[in-house]
Amino acid sequence: MKTVVANWKMNVGVRESVALARASLLTLRGRKVIPDLVICPPFVALSEVRKVVARSSANIGAQNMFWEPSGSHTGETSSRMLLELGVSHCLIGHSERRVQLGETDEMINKKVLHALSEQMTPILCVGESKEQRVAGDARAVVEAQLSSALRGVRLHTQGSLFVAYEPVWAIGTNDSASVGDVIEMHRFIRSVLERIFPDAPAGQFSILYGGSVDGENAYGFLREAEVDGVLVGSASVKINQFKEIVEAAAEVLEAQSA
Ligand code: PGA
C-alpha cells in the first residue's frame, strides 16, 4: 500500500478546508486502486472536514496532540477530543514544532506512547538539519530521534506506527532530498525499527518521505519499495499539485497490482 498524508499546517481556515477536502477526495475518483489518504487540517476545521470525508475511505489526522486525556493544559487538545472527531492519525514531532515551539524528545515520546494507548496511529516525524547532514551525522541524528521517541513503546501489543523521514532542510524549500538518499535513509530507519521492535509483524510500521514533495517528483519517490508513502505540506494545499501526487501513488499501485 502507499499512503499520502496531507499536512495543511496553518495555511487554511475552515471554509477553505472544506473546499480543499472536497477537492482532495475528487482526486481519488475513477481510479482502480487508490492510495490511503490521511488529511491533517488545522484543529478548527476538523469537525467540518470530518463531515466531508465521512463516506469516503480517507482518514483524518491531527497535526499535534497532548499526552494526557484531559486536565489543566490551557490551549492543548487531547486524544479523547480528537477521537470524538473521528481522528485516527496524529503527526508527532514535526520539525516545525521541535524548532519553533521547543518540543523536546521527552514530550514527543510521551505523545507517541499516549497516541498508541488511545489506538491512534502516530506519524512520527524525524530528520536531520542541513548542518547535521553536512557533518555526516544524519543517520546518528535520526537514530537518536527514533530511540528517544519510541522509548517504552511495545508495538506488538499496540497499534501501527508511521515514521516520516523529513530532512529539515527539505521542508518547504523546493529542495527535496534525492531518491537515492531517501532510499538509503528509509532502509536505515527500517533496520532501526526492526532492532527496536524485533517481534513486530511485517507491515506494522510504514515509512514515509516528506520534504518538498510535489506533483513532479512524487512518482520518483512513490515507485520505490522502500517508500510506503509521502507526507506533503505546501503541495497539499495546491489542489492541482496534490492531484498529481495522488495520481502518482495510484499509478504505482495499479502497476503493482497488474
Ligand atoms: P513541504 O512540507 O511539503 O512543504 O516540504 C512537508 C511537511 O512539513 O510535512
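Remember, it's 1-based here, ligands and their atoms both numbered in the order they're listed. Reckoned from all heavy atoms, side chains included, excluding hydrogens, waters and symmetry mates.
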List the steps, then state whether side-chain contact (heavy atoms from CB on, under 4.5 Å) holds for H94 with E166. CA-CA 8 Å; H94 192 284; E166 295 209 304; 3.3 Å; yes
As a quick check of understanding, evaluate side-chain hydrogen bond (donor to acceptor under 3.5 Å, both in side chains) for Y165 and E128, giving each step before the final call. CA-CA 9 Å; Y165 170 52; E128 79 287 356; 3.0 Å; yes
For the backbone of C40 and the side chain of Q63, can you confirm whether one donor and one acceptor N or O come within less than 3.5 Å of each other? yes
Ligand 1 atoms in contact with E166 (distance to a heavy atom under 4.0 Å): 6 (C), 7 (C), 8 (O), 9 (O)
Examine ligand 1 and decide if any of its atoms is less than 4.0 Å from a heavy atom belonging to A170. yes
So F205 and F197, would you call those rings parallel, tilted or perpendicular, with 30° and 60° as cut-offs? tilted
Is there a donor-acceptor pair under 3.5 Å between the side chain of Q132 and the backbone N or O of S129? yes
Would you mind listing which atoms of ligand 1 come within a distance below 4.0 Å of any non-hydrogen atom of S234? 1 (P), 3 (O), 4 (O)
Start with the C-alpha gap between E194 and S191, add the side-chain angles, then the distance that decides, and say whether side-chain hydrogen bond (donor to acceptor under 3.5 Å, both in side chains) holds. CA-CA 5 Å; E194 282 168 358; S191 71; over 6 Å; no
Near H94, which atoms of ligand 1 are under 4.0 Å from a heavy atom of that residue? 7 (C), 8 (O), 9 (O)
Below 4.0 Å from any atom of ligand 1, is there a heavy atom belonging to G172? yes
Give the residue, atom name and distance (to 0.1 Å) of the protein heavy atom nearest atom 2 (O) of ligand 1. K9 NZ, 3.3 Å
Applying ring-ring contact (aromatic ring centres under 6.0 Å, His included) to H89 and not counting sequence neighbours gives F162
Can you list the atoms of ligand 1 that are under 4.0 Å from a heavy atom of G233? 1 (P), 2 (O), 3 (O), 4 (O), 6 (C)
For L231, take its heavy atoms, then give the atoms of ligand 1 lying under 4.0 Å from any of them. 9 (O)
Any sub-3.5 Å donor-acceptor pair from S178's side-chain atoms to D181's backbone N or O? yes
S212 N/O to ligand 1 N/O under 3.5 Å: yes
Interfacing atoms of ligand 1 (cut-off 4.0 Å, heavy-atom, G211): 5 (O)
Of the side chain and backbone of N7, name the one, both, or neither that has a heavy atom under 4.0 Å from an atom of ligand 1. side chain
